[in-house]
Amino acid sequence: MAKKANLNGFLISGRTKTSAKSRQAVPLADGSGAMNKEPPCSRKDDWQMPKLKLSALVISAFSPGLPLYFFIFVYRKFASADASALAARLVKSNGSGSGGSAFIGATADVNLDDLVAPAHTDQVEEKVEDGDSEAEGEEKKKKKAKEEDAKGEDWDRNFDQEGRVLEFLQAVLGPVADQLQNLIQEIQDRKGTDELPKDAGDAAAATSVDGQIKNAPPSQSFMNLKTIALFRSSLDDFWKCQSAAELKEKAARRAVARKPITELCQARPTGLKEAAPPAGKKAKQDADTNPLRRTFCLTMAIPVKVQYVARCFCRRVSFEVSNDPMTAKLCDCSACQRLHGAPMQWAALFQKTSVRFAEGLQFVRWYHTGTDSVCTSGVERVLPSKLQCTHCGTWLADEGRNNFMTFPTLFDFQGQGPSRFPVAFRPRCRIHCATRALAAQDHLPAYLDDGKTPVSLQDYLLDIAPPLDGRSYKGQSGRIGVLGGSVDFTGAPYYAAMAALRVGAELLYLCTAEEATGPIKAYSPELMVSEVYRWSSISSEDPGVVQKEIDRMVSKMEALLPRFHALAIGPGLGRDDRVLKAVARIIELAKARELPLVIDADGLWLIERLPELVAGYSRAVLTPNAAEFRRLCQAVGCEETLLQLCEKLAGPVVIQKGAVDQMARPGSEVLSCREEGAPRRPGGLGDFLAGSLAVLVGWAAARRRDPMIACQCACMLVRRACKIAFEKKKRSMVAPDVLDEVGLAFEELCPSKM
Ligand SMILES: NC(=O)C1=CN([C@@H]2O[C@H](COP(=O)(O)OP(=O)(O)OC[C@H]3O[C@@H](n4cnc5c(N)ncnc54)[C@H](OP(=O)(O)O)[C@@H]3O)[C@@H](O)[C@H]2O)[C@@H](O)CC1
Ligand SMILES: Nc1ncnc2c1ncn2[C@@H]1O[C@H](COP(=O)(O)OP(=O)(O)OP(=O)(O)O)[C@@H](O)[C@H]1O
């Protein structure tokens with residue numbers, strides 16, 4: 001079979017051989033010609049994108065949605081990466097807004113090879129009938145290939161004569177050429193530093209509303225659906241043109257009428273499908289002039305598989321969604337209480353790309369609380385708006401610029417009771433709790449505002465801890481690295497690692513000296529213990545051997561880093577200069593990956609010598625005890641106060657451990673943990689803190705939450721475990737007794753049952 005990719009109605013088929021002419025560049029409107037570079041590598045050596053085929057491809061990509069265009073574009077930039085990596089990278093660099101999901105949607109079913117190297121030769125091969133001799137077959141192949149080439153050249157020529165493609169590209173790309181370039185630049189800048197979303201936590205963060213808004217790069221405003229809608233309408237215009245002259249005229253008119261892109265975007269709602277036009281002649285006329293018709297014919301051409309259907313009470317209005325909500329919340333704000341006549345609002349959040357109105361759009365009205373304005377025309381509505389059925393009064397949704405927040409109770413789920421709601425629709429937290437109408441009887445994390453200020457540490461923990469809903473796979477809830485242990489110390493890394501596992505890590509990579517692996521493995525089969533260097537080699541008299549072992553250690557850790565959600569460095573590491581030299585390089589590599597780091601014990605010994613290693617790095621947490629704190633302050637040359645040390649380090653959170661644990665970062669106030677703890681001080685409690693912290697800051701990073709509060713939680717957790725252990729063991733309490741209580745302490749703070 002010939003490989004063809006039917007992208008939403010526009011059939012693309014290409015060839016592997018092209019004329020020199022057709023290998024020329026397709027200029028961007030700004031003349032940069034950025035698309036013209038040869039792909040750095042490709043499946044076939046002679047792969048070339050014919051100029052006009054490329055244009056067609058670009059236009060086709062525009063037709064279903066801009067992100068596909070980027071797919072092609074980015075593919076050509078990073079052709080060595082695989083499609084899913086590109087998708088993930090683009091989603092990330094794109095702030096994962098609607099453009100991101102559209103991109104994923106658009107790329108999910110598209111085979112790269114179909115797009116860039118459809119093989120007419122394959123087609124020819126299939127036509128060779130059984131019984132043909134080899135020579136005859138060859139002859140047929142050549143003939144067919146010649147015909148195909150001729151057809152393709154005609155096709156190219158036709159397009160050339162019309163000049164429509166390039167005209168169109170210039171007309172359409174002109175207004176946004178700068179944004180395109182910026183985005184490409186952004187993607188390039190991030191190359192090598194961005195990673196795939198690592199787990200459910202990451203994915204959740206990528207799709208959380210807070211995450212989106214907070215982390216969206218400026219270019220996201222360009223990548224949103226409204227922009228795509230704008231392109232689509234341009235495209236419709238283009239296809240209607242009968243001649244190049246007409247197209248030119250249209251392009252000129254468009255240029256005159258051109259408004260800033262943001263203004264245009266605001267005027268154009270998207271993601272909604274037009275209502276079926278009413279029957280009858282008059283109705284047809286109405287439909288043609290009806291702004292609703294114009295507004296809502298902006299269907300995204302990404303194939304939508306209807307997953308759930310929601311309806312208003314009278315069933316006049318219905319809409320479909322194509323995937324699970326990104327999150328669901330209970331809102332206790334007084335506006336929701338009043339509008340809904342209920343103690344709270346239960347809302348599920350979707351991206352607009354996954355919502356389609358199926359029926360009754362003519363019954364929808366929009367209410368904008370800010371301006372107290374109502375309208376029944378989608379064109380005039382102000383976003384964000386609340387949607388209501390004009391007939392029965394059911395509140396349907398809150399429509400934002402990118403998101404569509406609707407109510408799980410509008411969906412037709414089968415069954416009875418709470419279990420009829422799919423897990424993804426169940427509320428994950430309560431927001432605006434200060435105005436709660438009813439006392440909470442659930443275990444949902446509560447926020448004072450829209451999700452930034454937890455009511456308590458318990459609420460924060462409940463929020464960042466991955467839900468135990470059975471939907472994740474091994475390792476998604478935490479893959480933690482511990483770099484420590486040495487010939488002298490095998491207990492400390494074991495404690496840090498076990499604490500991490502008890503708190504919630506699922507896979508634990510303990511990276512240590514070969515000589516320490518045996519004992520540590522014997523302590524526990526739960527740990528994945530890897531040797532990353534040999535003490536016998538790194539302590540050699542021969543500088544060549546030492547350097548080689550340092551390099552080996554760095555490269556072994558470099559290979560492991562992508563697996564980690566967080567890395568704790570230091571427990572039992574020892575203070576050998578050669579080992580620390582390697583660790584310094586490992587810290588640099590971890591920073592380049594933006595990996596959350598917890599630096600404790602001998603890791604701090606290294607930082608005391610090279611404070612610049614963590615200076616400015618806000619994803620590091622340093623956990624000095626009294627002695628280490630003193631040394632750190634001396635190292636950076638500041639008075640022994642927490643805030644001064646933080647200012648000097650200009651990035652990391654510092655936890656000053658002691659009778660009261662205190663934590664701060666540059667510019668913050670000092671938070672403290674006064675939980676009682678235990679009067680016994682056996683060695684190893686700091687290691688527990690380091691391991692627990694690694695998990696919590698990893699979770700916090702995944703949910704884009706404040707790591708300072710994660711630090712507060714970790715201190716509280718360890719001290720509470722100490723207290724419980726001491727109550728049981730009194731003076732005989734030793735570190736493993738505390739380890740046994742970490743689970744109970746965590747459960748008190750963050751119940752596993754939702
Ligand atoms: N089971 C194992 O394998 C364990 C191994 N461990 C590992 O041992 C390695 C070395 O770590 P470390 O803490 O002993 O070294 P360091 O901080 O230089 O202490 C040296 C001197 O500083 C003082 N001092 C210490 N703490 C203080 C405080 N809070 N408040 C005030 N002063 C304090 C005290 O001196 P003193 O005042 O008693 O004269 C102390 O003698 C490291 O790799 C670690 O991970 C531990 O994790 C334990 C479990
Ligand atoms: N006086 C105290 N009262 C209660 N808890 C304390 C006290 N001092 C320290 N802790 C707690 O003990 C834990 C370890 O702190 P510590 O100062 O012993 O660290 P460390 O010296 O690095 O430990 P390690 O023995 O693992 O090296 C922290 O969680 C801290 O909150």
Side-chain angles (χ1 to χ4, degrees), residues 457 482-500 502-503 510-513 515-516 519-520 522-524 535 568-576 579-580 583 598-609 621-635 640 642 654-663 671-694 696 710-727 733-739 741-742 745-746 749:
L457 291 186
V482 171
L483 175 58
S486 55
V487 277
D488 294 328
F489 306 113
T490 54
Y494 163 78
Y495 289 146
M498 287 308 290
R502 295 275 194 207
V503 167
L510 200 162
C511 311
T512 190
E515 291 81 351
I520 298 175
Y523 302 153
S524 170
W535 174 246
I569 298 177
L573 184 68
R575 294 170 182 178
D576 181 81
V579 174
L580 294 181
V583 174
V598 175
I599 303 184
D600 184 37
D602 299 326
L604 292 172
W605 180 264
L606 171 64
I607 302 304
E608 287 155 19
R609 271 131 205 89
V621 178
L622 311 187
T623 55
N625 62 23
E628 288 153 350
F629 183 78
R630 224 172 5 254
R631 293 198 298 257
L632 270 176
C633 290
Q634 277 165 11
E640 287 176 23
L642 181 57
V654 179
I655 305 180
Q656 184 181 7
K657 297 181 291 194
V660 172
D661 293 329
Q662 294 196 304
M663 58 229 74
L671 297 183
S672 49
C673 174
R674 295 170 186 279
E675 185 79 11
E676 192 181 330
R680 276 273 290 155
R681 318 247 15 89
L685 303 186
D687 306 318
F688 290 147
L689 182 68
S692 312
L693 264 170
L696 298 191
C711 295
Q712 233 184 346
C713 290
C715 292
M716 182 181 237
L717 184 66
V718 172
R719 293 169 79 113
R720 200 170 273 202
C722 287
K723 184 174 175 231
I724 301 170
F726 183 76
E727 277 164 5
M733 181 193 102
V734 284
D737 300 324
V738 178
L739 190 58
E741 306 305 338
V742 169
F746 193 79
L749 290 170

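We use all heavy atoms of the structure for the numbers below, so side chains are in, but hydrogens, waters and symmetry mates are not. Atoms within a ligand are numbered from 1 in the order they appear, just like the ligands themselves.
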Euclidean distance, [Y] [atom2] relative to [X] [atom1], rounded to 0.5 Å:
X: Leu632; Y: Ile607; atom1: CG; atom2: CD1; result: 8.0 Å
X: Met716; Y: Leu457; atom1: CE; atom2: CG; result: 5.0 Å
X: Leu739; Y: Tyr494; atom1: CG; atom2: OH; result: 6.0 Å

Under-4.0 Å heavy-atom contact between protein and [atom]:
atom: atom 24 (N) of ligand 1; answer: yes
atom: atom 42 (C) of ligand 1; answer: yes
atom: atom 15 (O) of ligand 1; answer: yes
atom: atom 21 (C) of ligand 1; answer: no
atom: atom 27 (O) of ligand 2; answer: no
atom: atom 2 (C) of ligand 1; answer: yes
atom: atom 36 (P) of ligand 1; answer: no
atom: atom 18 (O) of ligand 1; answer: yes

Minimum heavy-atom separation for [X] to [Y], with atom names?
X: Leu580; Y: Trp605; answer: CD1-CD1, 3.6 Å
X: Pro493; Y: Gly572; answer: CD-CA, 4.3 Å
X: Gly658; Y: Asp661; answer: N-OD1, 3.0 Å
X: Pro571; Y: Ala496; answer: CG-CB, 4.0 Å
X: Gly691; Y: Ala500; answer: O-CB, 3.5 Å
X: Cys711; Y: Ile655; answer: CB-CD1, 3.5 Å

Please list, one pair per line, the donor and acceptor atoms closer than 3.5 Å that link side chains of residues 678-689 to other protein atoms, with sequence neighbours excluded.
from: Arg680; atom 1: NE; to: Arg731; atom 2: O; distance (Å): 3.0
from: Arg680; atom 1: NE; to: Met733; atom 2: O; distance (Å): 3.2
from: Arg680; atom 1: NH2; to: Met733; atom 2: O; distance (Å): 2.7

**Message:** Name the residue from Lys723, Arg719, Arg720 that meets the salt bridge (charged side-chain N to carboxylate O under 4.0 Å, His left out) definition with Glu675.
**Reply:** Arg720
**Residue part near ligand 2, for Asp661, under 4.0 Å between non-hydrogen atoms** = side chain
Relative to [atom], which among [options] owns the nearest non-hydrogen atom?
atom: atom 25 (O) of ligand 2; options: Gly686, Pro624, Gly684, Ala690; answer: Gly684
atom: atom 1 (N) of ligand 2; options: Ala626, Ala496, Gly572, Ala659; answer: Ala659
atom: atom 27 (C) of ligand 1; options: Asn625, Leu573, Asp687, Thr490; answer: Asn625

Protein heavy atom at shortest distance from [atom]:
atom: atom 7 (C) of ligand 2; value: Gly658 O, 3.3 Å
atom: atom 29 (O) of ligand 2; value: Val718 CG1, 3.7 Å
atom: atom 17 (O) of ligand 2; value: Asn625 CB, 3.5 Å
atom: atom 45 (O) of ligand 1; value: Gly572 N, 2.9 Å
atom: atom 5 (C) of ligand 1; value: Ala492 CB, 3.5 Å
atom: atom 30 (N) of ligand 1; value: Ala626 CB, 3.4 Å
atom: atom 12 (O) of ligand 2; value: Arg681 NH2, 2.8 Å
atom: atom 48 (C) of ligand 1; value: Gly684 N, 3.7 Å
atom: atom 19 (O) of ligand 2; value: Lys657 NZ, 3.2 Å
atom: atom 4 (C) of ligand 2; value: Arg719 NH2, 3.5 Å
atom: atom 13 (C) of ligand 2; value: Leu685 CB, 3.7 Å

**Request:** Count the heavy atoms of every other residue, nucleotide or ligand shown that sit under 6.0 Å from CZ of Arg674, and state whether that count exceeds 12.
**Result:** no
**Request:** Give a yes or no on whether the backbone of Trp535 and the side-chain of Glu515 come within a donor-acceptor separation of less than 3.5 Å.
**Result:** yes
**Asked** Is it true that a side-chain atom of Thr623 and a backbone atom of Ile599 form a donor plus acceptor pair closer than 3.5 Å?
**Response** yes
**Asked** For ligand 1, which part of Arg631 has a heavy atom less than 4.0 Å away: the side chain, the backbone, both, or neither?
**Response** side chain
**Request:** Check each heavy atom of Ala601 against ligand 1 and say whether those closer than 4.0 Å belong to the side chain, the backbone, both or neither.
**Result:** side chain
Which atoms of ligand 1 have any heavy atom of [X] under 4.0 Å away?
X: Arg575; result: 15 (O), 16 (P), 18 (O)
X: Pro571; result: 45 (O)
X: Ala627; result: 22 (O), 23 (C), 24 (N), 33 (C)
X: Glu628; result: 17 (O)

**Enumerated ligand 2 atoms positioned under 4.0 Å from heavy atoms of Gly683** = 25 (O)
**Asked** In terms of atom number and element, which parts of ligand 2 are under 4.0 angstrom from non-hydrogen atoms of Asp687?
**Response** 26 (O)
**Asked** Any N or O of Asp602 that comes nearer than 3.5 Å to an N or O of ligand 1?
**Response** yes
**4.0 Å heavy-atom contact, Ala601 with ligand 2** = no
**Request:** Any chance you could lay out the side-chain contact (heavy atoms from CB on, under 4.5 Å) test for Lys657 and Phe629, step after step, and finish with the verdict?
**Result:** CA-CA 9 Å; Lys657 297 181 291 194; Phe629 183 78; over 6 Å; no
**Request:** With side-chain contact (heavy atoms from CB on, under 4.5 Å) as the test, would you mind laying out the steps for Leu604 and Leu622 before giving the verdict?
**Result:** CA-CA 7 Å; Leu604 292 172; Leu622 311 187; 3.8 Å; yes
**Message:** By the definition side chain to side chain contact (heavy atoms under 4.5 Å, CB included), identify the one residue from Leu483, Asp576, Asp602 that meets it with Val583.
**Reply:** Leu483
**Request:** Verify side-chain contact (heavy atoms from CB on, under 4.5 Å) between Leu573 and Ser486, making sure each step is shown before the conclusion.
**Result:** CA-CA 5 Å; Leu573 184 68; Ser486 55; over 6 Å; no
**Item:** Test log, rule side-chain contact (heavy atoms from CB on, under 4.5 Å), inputs Glu628 and Glu608
**Value:** CA-CA 8 Å; Glu628 288 153 350; Glu608 287 155 19; 4.1 Å; yes
**Glu676-ligand 2 polar pair, N/O distance under 3.5 Å** = no
